[in-house]
**Q** 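Pasting a structure below so you can have a look.
All ligand and atom numbering here is 1-based and tracks the order in the structure.
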Amino acid sequence: MPPWGQRPSNGRAPIWTASRRPWYAAPMMPLTFGLTEEQRMIQETTARMLRPFEERRREFERVLREHGRVPDEFWTALAAAGLLGAFVPEEYGGTAMGLTALATAADAMASRGFGHPLFLLTGMDALCIARDGSESLKRRFLPQIASGALKFCFAITEANAGTNSFRMTTRAVRRGDGYVLDGEKTFITGMDQADYVLLVARTRSREEVEREGLPKTSCLSLFVVDCHTPGITRTQLPMRAIDGAAQWTVHFDGAEVPAENRVGE
Ligand SMILES: Cc1cc2nc3c(=O)[nH]c(=O)nc-3n(C[C@H](O)[C@H](O)[C@H](O)COP(=O)(O)OP(=O)(O)OC[C@H]3O[C@@H](n4cnc5c(N)ncnc54)[C@H](O)[C@@H]3O)c2cc1C
């Protein structure tokens with residue numbers, strides 16, 4: 001009998017193939033679990049970027065704990081390494097490295113005890129703007145994100161809308177050239193450090209959406225909102241989840257955002 005999975009020398013298909021050939025003898029697709037050449041380069045670049053901070057680890061950790069902020073020098077280094085522009089197309093000053101590259105860099109940082117949530121939040125928000133933002137939004141924000149000039153946070157969670165985001169009630173009501181924001185978001189990481197927040201708000205209430213038989217996902221919109229807009233206040237949550245990045249409840253009380261800051265439809 002020929003070895004498992006091989007045809008007998010007379011060229012005929014062996015009758016035992018279907019019933020007795022073990023599953024692992026079938027031809028298999030080659031799978032590579034190692035890093036690609038590009039990912040290895042990103043690991044090396046990240047390691048090089050971190051070296052000066054590793055030499056001053058205590059100081060880095062002190063700034064995180066005592067000042068509750070990402071050290072400016074670290075943010076500048078992330079930008080210089082091209083990591084803040086990972087989701088920014090090259091024509092807007094980014095490196096367009098993409099998600100796997102960003103994850104590789106974040107992994108390299110975490111394994112050395114470095115990192116900051118605003119790095120990933122800013123990247124995630126940049127991806128939304130790059131994918132669905134108007135040309136004017138892209139030109140206004142993407143180059144500044146890639147260069148490290150702007151930090152972004154993200155606000156979707158509400159006290160009664162955590163895992164189930166459809167329950168959110170924060171409203172964005174059209175008025176003149178803009179929208180008026182009312183409602184409350186909670187657990188918002190880094191609202192005190194960010195320049196802008198990418199906010200998810202309803203342009204129509206959940207009841208209206210249900211009454212009109214619209215899809216659950218409709219009338220939920222994204223807005224790029226200046227964190228220092230009048231009508232926005234914040235209250236720090238008494239939790240110590242992440243060094244250097246506090247969580248906040250953010251109150252929107254008639255805050256205005258220009259209509260052009262809406263991302264997508
Ligand atoms: C440190 C920290 C930072 C955060 N930063 C941000 C931020 O920057 N921006 C932001 O918008 N939010 C942020 N959040 C909020 C976070 O996204 C929410 O906590 C998360 O979405 C879960 O919501 P919840 O806490 O209300 O839990 P709930 O939705 O109440 O869920 C509680 C538990 O029930 C489970 N559960 C829920 N529904 C079901 C179901 N149908 N079936 C089975 N199990 C279910 C969940 O898996 C979970 O284990 C942060 C939270 C933390 C802790």
Side-chain angles (χ1 to χ4, degrees), residues 61 63-70 74-75 78 83-84 86-87 99 102-103 106-107 109-110 113-133 141 145 148 150-172 179 181-203 206 209-210 215-217 219-229 231-253 255 257 261-264:
E61 289 172 353
V63 175
L64 285 183
R65 295 219 177 94
E66 289 178 15
H67 299 267
R69 305 182 67 82
V70 56
F74 186 67
W75 197 260
L78 288 172
L83 296 173
L84 293 177
F87 291 125
L99 182 59
L102 193 73
D107 180 57
M109 276 187 230
F114 289 91
H116 196 273
L118 280 189
F119 158 53
L120 296 174
L121 290 165
T122 299
M124 184 180 99
D125 294 354
L127 177 62
C128 291
I129 297 171
R131 207 178 257 183
D132 291 312
F141 293 110
I145 288 175
L150 291 180
K151 297 186 187 77
F152 271 64
C153 63
F154 179 67
I156 185 168
T157 305
E158 296 180 8
N160 291 316
T163 309
N164 186 354
S165 301
F166 297 117
R167 293 174 63 179
M168 76 170 62
T169 56
T170 296
R171 289 295 307 269
Y179 288 85
L181 307 172
D182 281 288
E184 197 171 271
K185 296 287 176 183
T186 195
F187 282 122
I188 309 310
T189 299
M191 182 70 187
D192 55 327
Q193 302 179 58
D195 303 285
Y196 286 87
V197 53
L198 188 67
L199 171 77
V200 191
R202 286 193 167 281
T203 48
R206 191 181 174 195
V209 167
E210 283 176 359
K216 275 208 292 193
T217 46
C219 305
L220 291 171
S221 290
L222 284 167
F223 296 89
V224 178
V225 183
D226 186 331
C227 293
H228 304 103
T229 305
I232 299 180
T233 51
R234 56 174 195 263
T235 313
Q236 187 167 356
L237 290 169
M239 57 196 271
R240 283 201 58 193
I242 309 169
D243 281 340
Q247 280 66 48
W248 303 82
T249 294
V250 183
H251 320 273
F252 297 88
D253 189 7
V257 59
N261 282 26
R262 182 169 163 178
V263 181

**Q** Are Asp243 and Arg65 ion-paired here, with the side-chain N under 4.0 Å from a carboxylate O?
**A**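 Salt bridge present between Asp243 and Arg65.
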
**Q** Is atom 12 (N) of ligand 1 touching the protein, meaning some protein heavy atom lies under 4.0 Å away?
**A**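 Looking at atom 12 (N) of ligand 1, one finds that a protein heavy atom does lie closer than 4.0 Å.
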
**Q** Measure the spacing between OG1 of Thr233 and CG of Asp253 and express it to the nearest 0.5 Å.
**A**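 Nearest 0.5 Å value for the OG1-CG distance: 7.0 Å.
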
**Q** So Phe152 and Phe141, would you call those rings parallel, tilted or perpendicular, with 30° and 60° as cut-offs?
**A**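 Geometry flag for Phe141 against Phe152: perpendicular rings.
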
**Q** Is there a protein heavy atom at a distance of less than 4.0 Å from atom 21 (O) of ligand 1?
**A**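 Under the 4.0 Å cut-off, atom 21 (O) of ligand 1 does have protein heavy-atom neighbours.
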
**Q** Less than 4.0 Å between atom 37 (C) of ligand 1 and some protein heavy atom, yes or no?
**A**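 Yes, there is one.
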
**Q** Can you tell me how far CD of Glu184 sits from OG1 of Thr170, rounded to the nearest 0.5 angstrom?
**A**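 The distance works out to 8.0 Å.
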
**Q** For Ile156, is at least one N or O under 3.5 Å away from an N or O on ligand 1?
**A**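 Between Ile156 and ligand 1, an N or O pair is found under 3.5 Å apart.
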
**Q** Would Leu64 and His116 count as a side chain to side chain contact (heavy atoms under 4.5 Å, CB included) here? Give the steps.
**A** CA-CA 9 Å; Leu64 285 183; His116 196 273; 3.9 Å; yes

**Q** Scan the protein's non-hydrogen atoms and note whether one is under 4.0 Å from atom 15 (C) of ligand 1.
**A**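 Yes, at least one protein heavy atom sits under 4.0 Å from atom 15 (C) of ligand 1.
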
**Q** Closer than 4.0 Å and a protein heavy atom, does any atom meet both conditions relative to atom 7 (C) of ligand 1?
**A**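 Yes, there is one.
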
**Q** Which option wins on minimum heavy-atom distance to atom 17 (O) of ligand 1: Thr157, Asn164, Asn160?
**A**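 Looking at heavy atoms only, the winner is Thr157.
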
**Q** Restricting to non-hydrogen atoms, name the atom on Cys153 and the atom on Asp125 that form the minimum distance, rounded to 0.1 Å.
**A**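 Minimum heavy-atom contact is O-OD2, 2.6 Å.
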
**Q** Can you tell me how far the NE2 atom of His228 sits from the CG atom of Asp195, to the nearest 0.5 Å?
**A**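 Nearest 0.5 Å value for the NE2-CG distance: 7.0 Å.
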
**Q** Using a plain distance cutoff, I'd like to know if Thr189 has any nitrogen or oxygen under 3.5 Å from a nitrogen or oxygen of ligand 1.
**A**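 Yes, Thr189 has an N/O under 3.5 Å of an N/O on ligand 1.
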
**Q** Please state which protein non-hydrogen atom is closest to atom 48 (C) of ligand 1 and give its distance, to 0.1 Å?
**A**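 Ranked first by proximity to atom 48 (C) of ligand 1 is Thr163 OG1, 4.6 Å.
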
**Q** Search all heavy atoms of Val224 against all heavy atoms of Val257 and return the closest pair with its distance.
**A**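 So the minimum-distance heavy-atom pair works out to O-CG2, 3.6 Å.
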
**Q** Please give me the minimum heavy-atom distance between Ala172 and Leu181, naming the atom from each residue.
**A**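 Result for this residue pair: CB-CD2, 3.7 Å.
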
**Q** Working to the nearest 0.5 angstrom, can you tell me the gap between Trp248 CH2 and Arg234 CZ?
**A**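 Output value for this atom pair is 4.5 Å.
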
**Q** For ligand 1, which atoms have a heavy atom of Ala241 less than 4.0 angstrom away?
**A**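 So the atoms of ligand 1 that pass are 1 (C).
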
**Q** To the nearest 0.1 Å, how far is atom 23 (O) of ligand 1 from its closest protein heavy atom, and which atom is that?
**A**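 Here the closest protein heavy atom is Gly162 CA, 3.2 Å.
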
**Q** Just how far is it from atom CD of Gln236 to atom CD of Gln247, taken to the nearest 0.5 Å?
**A**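 Reported to 0.5 Å precision, the distance equals 8.5 Å.
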
**Q** Verify the contact flag for atom 34 (O) of ligand 1, where contact means a protein heavy atom under 4.0 Å away.
**A**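 Under 4.0 Å from atom 34 (O) of ligand 1, zero protein heavy atoms found.
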
**Q** Tell me, which protein residue and heavy-atom name are nearest atom 25 (O) of ligand 1, and how many Å apart are they?
**A**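 Looking at atom 25 (O) of ligand 1, the protein heavy atom closest to it is Phe187 CE1, 4.3 Å.
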
**Q** Looking at atom 53 (C) of ligand 1, what's its closest protein heavy atom, distance included?
**A**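 That would be Met239 CE, 4.1 Å.
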
**Q** Counting both backbone and side chain atoms, is some N or O of Ile188 under 3.5 Å from an N or O of ligand 1?
**A**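 No; the residue has no nitrogen or oxygen that sits under 3.5 Å from a nitrogen or oxygen of the ligand.
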
**Q** Which heavy atom of the protein is the closest neighbour of atom 9 (N) of ligand 1, given with residue, atom name and distance?
**A**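 Answer, as residue, atom name and distance: Phe154 O, 2.9 Å.
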
**Q** Hey, is atom 43 (C) of ligand 1 touched by any protein heavy atom at less than 4.0 Å?
**A**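 Within 4.0 Å: no protein heavy atom nearby.
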
**Q** Taking atom 40 (C) of ligand 1 as the reference point, report whether a protein heavy atom occurs under 4.0 Å from it.
**A**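 For atom 40 (C) of ligand 1 the answer is no, since every protein heavy atom stays at 4.0 Å or beyond.
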
